[in-house]
Amino acid sequence: MSNVIKLSIKEKLGYSLGDTASHFVWDLVGFWLLIFYTDIYGLSPAWAGIIMFVGSIWDAIMDPVVGVISDRTNSRWGKFRPYLLFGAVPYAILAVLAFSTPDFGADGKVVYALVTCLLLRTAYAFINLPYSSMAAVMTNDSFERASLNTYRFIAAYVGQFIVTGGALYLVNYFGALDGGEVNQAKGYQYTVALFAVLSLVFFLIAFLTTKERIPAPKQQDSSVLKDFKFLFMNKPWVVLVLVGIVSFIMFAMQNAAIAYFFKYYIADEEQVQIFNIVGTIALIVALPLSKPLAKRFGNKLVYMGSSLISGVFFILIFFAGENITWIYIFNVLAKMAYAPAVPLLWTMIADSADYGEWKLGRRTTGLCFSAAVLAQKLGWAIGAAGASWILGISHFVANAAVQEDSAILGIRLLVSVIPGILYASCGFLLIGYNIDNDTIACMKADLDRKREMESVMVEKETIIVVEEEIEIRGNK
C-alpha cells in the first residue's frame, strides 16, 4: 500500500455527486412533504404530524442498524459502494411514491402515507449512510478526506440551492402542462420524478467513479456488542458526537426562528428566502478553504477557531438591531467562518474510525458514521423543540400583528445570541478531541504497516493452500 493515497479530481467530483443526489430528494422531503400531506393529499395536520414524528423515530432505529450491516458487507465493490448501486433505484421509486396521491379513502391515505414515508426513510438510510462512510475508506490521508468532503458539501449545497430555489416553480410548470388550473398533485409527482431520476443517475456516477481502498482488520470478529462497546471507548468519536448534537441544536433553533425574525421583528417576510440564499452562497464560497486551513493548522484547531469566530458573528446579529445591512454582513461573515468546519466534522469522524482501529484494534466505519448522524438528528429534534419552547415562554402569539417585547426578544435571541453561544461552545468541547496532525501521521504509518503485514500474511496463506492442493492432487 502506498504511503499516502491521493484522489483524482474525477473521483472527488464523482463522489460529490452522491450528496447532490441525496439533497435532490431529501430536501423535497424536509421542506415540502409535510405541507404536501396536508394541502395536497388531504391528511389532517394531526395525522401528518404523527407520520413525520414516527418517521423520525424510525430514523433513530435504522441508522445504527444500517451502520452495523454495512460494516459486515463484503463484496467485490467493497463494503459501502454496493449500496449506491443497488439502493439508487428503490430510493428513486419510493421518492415518487411518497409524493403520489392514490385515492384510498381517509384511512387508506394515512396508511399509504405512513408506509411510503417509512420505506423512503429506510431507502435513504441504506444509501446515504454507506455513502457518507465511503470517505473514510477511499483514502488514508486526513487532508485528502478534508478535500473530498469539501467537494461533497459544495455539491450538497448546490443541490439544496437548486431544490429550494426551483422546486415550486417546477410544481407549477408540470401541474399546468395540460392547460387550465395548476394540478399541484401532478406537479409534485412529476417534479419529484425529475429529481429522483437525476438522483439515480448521480448515485450511479458516484458508484462508477469511486473506489474503496481501506480494509477492516482481517482478524476482526463480527460481534455487534463489541462494536458498540469499542465505539464508546473511542474518545475522539464521543467528543465529535457531543459536538454534532450541540451544533445541530444550534442549526435547528436558528433555522426555525429566521422566518419569525423577518416576519415579526424586521416586518419584511419576503426577505427570508433572500437571506437564506445569500447565506448558502457564502457557505459555498468559503468551503474550499477547509483543506488548506486544515493542512496549515490541523483539523481540530480549524474547527475550534471556526466555531468561536462564527459564534461571535452570530451574537453580533443581535446588536445589529433592525439594520438589515449589518444583519446580512454578520450572517455572511458567520457562515463564511463556519464553512471550513462543515467538511472537517465528517473528516474527523473518518479519522476517529482510524483511531478506533489503531488504539482498540477494531474498525467500525459504518457504525461510527451512522451513530454520528443519529446524534445530529437528535440535536435537530432538541433544537426544534427548544425553539418552540422558547417562543412559548416568551409569550409569542402566532399571526398577531403586535407582539409583546418578550416575544420579540425571544425571537431575536433564537437567531443570534443562543446559536452563537452554542456554536462557540463546540470549540471548547473539542479540547477533548485528541487527534492532531502528529497523531494522524503516526496513526497512518502504523496502520499502513499493519495492513501491509496482513496482506503479506494473506498471500503466504494463499500460497500454502495452493501448495497443499497441488500436493494432494499429486498424491492422487
Side-chain angles (χ1 to χ4, degrees), residues 19-45 47-49 51-52 55 91-102 109 112-113 116-117 120-121 124 155-202 251-252 254-264 266-284 328 331 335 380 384 398-399:
D19 222 359
T20 308
S22 293
H23 277 267
F24 272 170
V25 169
W26 205 248
D27 284 344
L28 289 167
V29 173
F31 283 93
W32 287 292
L33 186 58
L34 181 60
I35 197 169
F36 172 83
Y37 282 156
T38 58
D39 292 17
I40 308 302
Y41 202 29
L43 301 183
S44 69
W47 272 118
I51 291 169
M52 298 297 284
Y91 181 59
I93 292 173
L94 286 165
V96 177
L97 291 177
F99 281 89
S100 296
T101 56
K109 286 182 177 181
Y112 177 83
T116 54
C117 178
L120 177 57
R121 288 175 180 270
Y124 179 75
Y157 285 124
V158 169
Q160 183 182 85
F161 185 85
I162 292 171
V163 172
T164 56
L168 293 183
Y169 293 108
L170 290 171
V171 168
N172 290 328
Y173 171 75
F174 287 125
L177 282 179
D178 296 335
E181 293 185 4
V182 174
N183 182 335
Q184 286 202 310
K186 185 176 74 173
Y188 268 102
Q189 188 179 49
Y190 284 16
T191 298
V192 175
L194 172 62
F195 282 117
V197 170
L198 289 173
S199 294
L200 169 62
V201 173
F202 285 4
F251 293 140
Q254 191 177 56
N255 286 352
I258 285 172
Y260 296 92
F261 181 79
F262 281 99
K263 181 176 181 179
Y264 296 103
I266 302 299
D268 187 357
E269 196 171 358
E270 294 182 359
Q271 284 281 345
V272 176
Q273 190 162 342
I274 300 172
F275 184 80
N276 288 332
I277 289 173
V278 171
T280 301
I281 292 172
L283 281 168
I284 293 172
Y328 270 80
N331 182 61
K335 296 290 175 64
W380 195 271
N399 295 315

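Everything numeric here is computed off the predicted structure, so don't read it as measured data.
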Is the shortest side-chain heavy-atom distance between [X] and [Y] below 4.5 Å?
X    : Y    : answer
V158 : T20  : no
F99  : I40  : no
W26  : Q160 : no

Roughly how far apart are [X] [atom1] and [Y] [atom2], rounded to 0.5 Å?
X    : Y    : atom1 : atom2 : answer
Q189 : L194 : CD    : CG    : 13.0 Å
I274 : D268 : CD1   : CG    : 7.5 Å
T280 : K335 : OG1   : NZ    : 6.5 Å
Y328 : N331 : OH    : CG    : 8.5 Å
L168 : Q184 : CG    : CD    : 8.5 Å
I258 : K263 : CD1   : NZ    : 15.5 Å

Of all heavy-atom pairs between [X] and [Y], which one has the smallest distance, and what is that distance?
X    : Y    : result
T191 : V171 : OG1-N, 3.2 Å
S199 : V25  : OG-CG2, 3.5 Å
V96  : A196 : CG2-CB, 4.1 Å
A95  : V192 : O-CG1, 3.4 Å
Y112 : L97  : OH-O, 2.7 Å
D19  : A156 : OD2-CB, 3.5 Å

Problem - Step-by-step side-chain contact (heavy atoms from CB on, under 4.5 Å) determination, F174 to V182 - result: CA-CA 8 Å; F174 287 125; V182 174; over 6 Å; no
Atom pairs and distances, donor-acceptor, side-chain atoms in residues 27-38, under 3.5 Å, two or more places apart:
unit_1 : atom_1 : unit_2 : atom_2 : d
D27    : OD1    : H23    : ND1    : 3.4
D27    : OD2    : H23    : ND1    : 2.9
Y37    : OH     : A113   : O      : 3.4
T38    : OG1    : L34    : O      : 3.4
T38    : OG1    : I35    : O      : 3.3

Handout entry: Residue list, salt bridge (charged side-chain N to carboxylate O under 4.0 Å, His left out) with K186, at least two apart or on another chain
Key = D178
Handout entry: Check: Y41 main-chain N/O paired with K109 side-chain donor or acceptor under 3.5 Å
Key = yes
Exercise for the section: Taking atom CZ of F24 as the centre, report whether more than 12 heavy atoms of other residues, nucleotides or ligands fall under 6.0 Å from it. Expected result: yes
Handout entry: CZ/F251: more than 12 non-hydrogen atoms of other groups inside 6.0 Å
Key = yes
Practice task
For F161, enumerate each residue passing the ring pair (Phe, Tyr, Trp, His ring centres under 6.0 Å) test, keeping only those at least two apart in sequence or located in another chain.
Solution key: none
Practice task
Kindly determine whether T101 and Y188 satisfy side-chain contact (heavy atoms from CB on, under 4.5 Å), including the steps that lead there.
Solution key: CA-CA 10 Å; T101 56; Y188 268 102; over 6 Å; no
